[in-house]
2 protein chains.
Amino acid sequence: MNNYLVTVGTTPDVCYNIAAVERDTGLSKDTLRVWERRYGFPKPLRDRHDERLYSLPELEKLRLLRLLIDYGHRPGKIINRSVSELTQLISSRAPAQDTPPEIQVMIDLLLRHDVENFRNALQQALMKQGLLRFVTETVTALNHWIGEAWLAGRVAIFDEHLYSEHVQNILRNAIIAQPGRGSAPRVLLTSLPGEKHRIGLLMVEAVLAAEGAACVALGTETPVIDIKNAVPAYEVDIVALSFSSAVTQSAALAGLSELRGLLPDGAEIWGGGGALARARKAPEGILLLRSFDDMRYAIERWRVEHARR
Amino acid sequence: MNNYLVTVGTTPDVCYNIAAVERDTGLSKDTLRVWERRYGFPKPLRDRHDERLYSLPELEKLRLLRLLIDYGHRPGKIINRSVSELTQLISSRAPAQDTPPEIQVMIDLLLRHDVENFRNALQQALMKQGLLRFVTETVTALNHWIGEAWLAGRVAIFDEHLYSEHVQNILRNAIIAQPGRGSAPRVLLTSLPGEKHRIGLLMVEAVLAAEGAACVALGTETPVIDIKNAVPAYEVDIVALSFSSAVTQSAALAGLSELRGLLPDGAEIWGGGGALARARKAPEGILLLRSFDDMRYAIERWRVEHARR
DNA sequence: TTGTTCATTTGTCGTGGACAGTATTGGGTT
DNA sequence: AACCCAATACTGTCCACGACAAATGAACAA
C-alpha cells in the first residue's frame with residue numbers, strides 16, 4: 001500500500017510512506033532520511049511499526065525545496081525556512097527576459113489553457129518557417145521559456161506535460177512528412193536511463209530529417225548494453241545521445257564513456273543537450289555538439305570523410 | 001562516476017557500481033544487497049573503499065533473472081542457476097499462439113529491422129480499418145505479441161523501443177487528423193509516476209478521439225497532486241489513468257484511491273489497462289474499464305446522464 | 001578573468017536486523 | 001476432485017547510523 005488514511009481531529013488526512021514521497025518528489029529515500037537526521041526536516045509521524053508517514057504539507061514543502069535546489073540553492077540554507085518564505089524565493093526569481101512577440105503569443109495561449117489555439121499557433125509557425133527554422137528558433141525559445149517559467153513557479157507541471165505532448169505531435173507529424181529522408185549517415189538516436197525528456201530527441205530527429213540523414217529513433221531511456229546490441233542490428237554509423245539539463249554533466253560524461261568502451265571504434269558517438277552545453281572537453285572518442293549548427297556541420301564532415309573512399 | 005576500468009589479466013573489464021546496476025537492471029539497491037546476503041549472488045568485487053563493483057557477466061545474469069521474475073519465476077528458485085540454464089528457461093517458454101497473418105507480416109518486418117516497410121504496413125492497416133478498429137484490433141494484437149516475444153527473448157529491447165516509437169508516430173498523426181474532436185465529455189488522460197508506457201495512453205486517446213470526446217493528454221508519469229491541480233485548470237469531467245502490466249495491481253489500486261481522496265466528487269475517475277484486467281472490484285468512486293468497449297459504453301453513459309439536465 | 005587548493009556541504013554506500021505483503025502449501029469442507 | 005481458509009515460507013522494503021566520495025564554495029595565486 002502506498003498511502004494511509006489517518007484521522008487527525010475531525011478532518012481525515014492522507015499520509016504518504018517514504019516510497020510514495022520518493023515517487024512524488026524525486027528525492028531518494030536515503031536523502032529523505034539523512035535530511036531528517038541532519039536538519040530535522042521533514043519530521044514525519046510514524047506508524048505502529050515505526051515507519052515514516054509524511055503529511056501532505058510536508059510533501060508540498062519538499063517539492064518546493066526540490067525546485068529551489070534544482071535552481072541552485074543549497075539544501076542546508078533553505079530547508080528550515082517556512083513555506084511562505086520558499087514561495088517568495090521562487091517568485092522573486094528574475095522575470096523572463098524579453099521574449100519575441102510571436103513566442104509570447106504562444107505562451108499566453110498555453111497559460112490560458114487554450115489547447116486548440118496553441119496547437120494552431122505551433123502549426124502556423126511550422127508552416128511559415130519550415131522544419132529546420134521551426135526547431136532551431138521557435139521550439140528552442142519555447143523550451144527555454146517554459147523551463148525558466150517552471151523554475152519560477154509560473155507554469156504548473158501539468159502545463160509543461162501538455163506543452164511537451166503537443167510539440168511532440170507537431171514534430172512527429174512534420175518529421176514523417178519530410179521528403180528525402182533516408183540517405184547516409186545512418187544515426188541511432190536515443191537517451192540513457194534516467195533521461196526522460198523526449199522533446200530534445202525529437203528536435204534532433206527533425207534536424208536529421210531536414211538534413212536528409214537516416215534516423216533510427218529508439219525513444220528515451222535505452223540501457224547502454226541495448227544500444228551496443230542495436231548498433232549492428234540496424235547498421236548505423238553514428239549513435240547520438242541527448243542529455244537535458246535535468247541530468248548532471250558528470251553523469252552524462254560517464255554514460256558516454258561507458259558506451260564508448262562497448263562500441264567498436266568504427267561507430268561514432270555524438271552527445272548533446274543542456275547537460276553538456278558547458279562541458280570543457282569531450283572524453284576520448286566522443287563528439288560533443290553544443291548547438292544544432294554543430295550537428296549540421298558534423299553531418300557534413302561525416303559525408304565528406306566517407307565520400308572519399 | 002558510474003563505472004571504472006579495471007584490468008584483470010590482460011583484458012580490461014568494465015565494472016559497474018551499485019547505482020549503475022540499479023539503473024540498468026531495474027533492481028533496487030536494497031534488493032541487490034539482500035540477494036547477496038541471502039543467496040550469495042551477485043557477489044561483486046569491492047573497490048578500495050569496500051564499495052561493490054559488479055562485472056558485466058553479473059549484470060547480464062541479473063537482467064536474465066529480472067526477465068524471468070517478471071514472468072513469474074521465484075528468485076530463490078532460479079538465482080543460483082547458470083546463465084545457460086536461464087537462457088534455456090527463457091527460450092523454452094510457450095511459442096506464440098497463432099497470430100493472424102497480417103499481424104505476422106508486420107512482426108517479420110520488425111524482426112528484419114525493415115523500418116520503412118514496417119511503417120508502411122502500419123499505415124496501410126490504419127487506412128484500411130479506420131482508427132477505431134486499427135487500435136482495438138491491430139495495435140492490441142501487436143502489443144500482445146511483442147510483449148510475449150520480449151518475455152521469450154525473441155525480440156530485443158531496442159526492437160520494442162523502435163516499435164513503440166513508430167506506433168506513436170502513426171497514432172499521434174491519426175488522432176490529429178480525426179474530425180469532430182472536442183465535444184463533451186472532457187477527459188484528462190495520463191499515467192502515474194512509475195508507469196512509463198505511452199502506447200496504452202495513445203490508444204485510449206485514439207478511441208476518445210474516434211468517439212468525439214475532448215481529450216487533454218498530459219503524457220506519462222504525472223504526480224497525483226499535479227493531476228488534482230490540472231482538473232480545475234482544464235475543466236475536465238473525467239480523469240482517465242492507464243496502468244500497463246508492468247505495475248502491480250495493488251499499486252494501481254492504491255494510486256487510484258489516493259487520487260479519489262484528493263478530487264471533488266463531481267469528477268469521475270476511470271482506470272484501465274493490463275494491471276487492472278484481473279481486478280475483482282473497483283475501489284469506491286472508481287470506474288474500472290476492462291476493455292475499449294467498456295470505455296465506449298462509459299462515454300455513452302456519461303452523455304446520457306449529463307444530457308437530462 | 002582563469003586556475004588551484006582547501007574546507008564544507010551533501011548525497012550515496014555500507015552493515016544487519018526487523019517485518020509487511022505476497023505466494024505457496026496443507027488441511028479441512030463441499 | 002474442486003474449493004476455501006489458515007499456517008508457513010519467501011521476498012522486498014524499511015529502519016538506524018557510521019563512513020566517506022563527490023560536489024560546491026571560498027580563498028588565494030597566476
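Numbers restart at 1 for each chain; the letters A, B, ... are given by sequence-line order, proteins then strands.
- Between Leu32(B) atom CG and dT15(C) atom C1' there is a gap of 16 Å when expressed in whole angstrom units.
- Residues Glu195(A) and Thr220(A) have side chains that never bring a donor and an acceptor to within less than 3.5 angstrom of each other.
- Between Leu65(A) atom CG and dG11(C) atom P there is a gap of 11 Å when expressed in whole angstrom units.
- Taking atom NE2 of His73(A) as the reference point, atom P of dG25(D) lies 11 Å away to the nearest angstrom.
- A heavy-atom distance below 4.5 Å is not found between the side chains of Leu192(A) and Leu259(A).
- Looking at residues two or more places apart in sequence or on another chain, you find no salt bridge (Lys or Arg N to Asp or Glu O under 4.0 Å) involving Lys43(B).
- At the phosphate of dT24(D), neither OP1 nor OP2 sits under 4.0 Å from any side-chain N or O atom of Arg74(A).
- Residue whose closest nucleotide on DNA chain D sits further toward the 5' end, between Lys77(B) and Gly72(A): Lys77(B).
- Expressed to the nearest 0.5 Å, how far OG1 of Thr31(A) lies from CZ of Arg66(A) amounts to 9.5 Å.
- Whole-Å rounding puts the Ile78(B) CD1 to dA23(C) C1' distance at 15 Å.
- Residues Thr190(A) and Asp226(A) are not in side-chain contact: their nearest non-hydrogen atoms beyond the backbone lie 4.5 Å or more apart.
- Phe243(B) is linked by a ring pair (Phe, Tyr, Trp, His ring centres under 6.0 Å) to nothing, counting only residues two or more places apart in sequence or in another chain.
- Remark: P of dC13(C) and CG of Asp47(B) are 11 Å apart, rounded to the nearest angstrom.
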Could you go over nucleotides 12-16 of chain D and give all protein N or O partners under 3.5 Å, atom names and distances?
unit_1, atom_1, unit_2, atom_2, d
dG12(D), OP2, Trp35(B), NE1, 2.6
dG12(D), N7, Arg38(B), NH1, 3.0
dG12(D), N7, Arg38(B), NH2, 3.4
dG12(D), O6, Arg38(B), NH2, 2.5
dT13(D), OP2, Ser28(B), OG, 3.2
dT13(D), OP2, Thr31(B), OG1, 3.1
dC14(D), OP2, Lys29(A), NZ, 2.5
dC15(D), OP1, Arg52(A), N, 2.8
dC15(D), OP1, Arg52(A), NH1, 3.0
dC15(D), OP2, Arg33(A), NH1, 2.5
dC15(D), OP2, Arg52(A), NH1, 3.2
dC15(D), O5', Arg52(A), NH1, 3.0
dA16(D), OP1, Arg46(A), NH1, 3.4
dA16(D), OP1, Arg46(A), NH2, 3.0
dA16(D), OP2, Arg52(A), NH1, 3.1
dA16(D), OP2, Arg52(A), NH2, 2.5

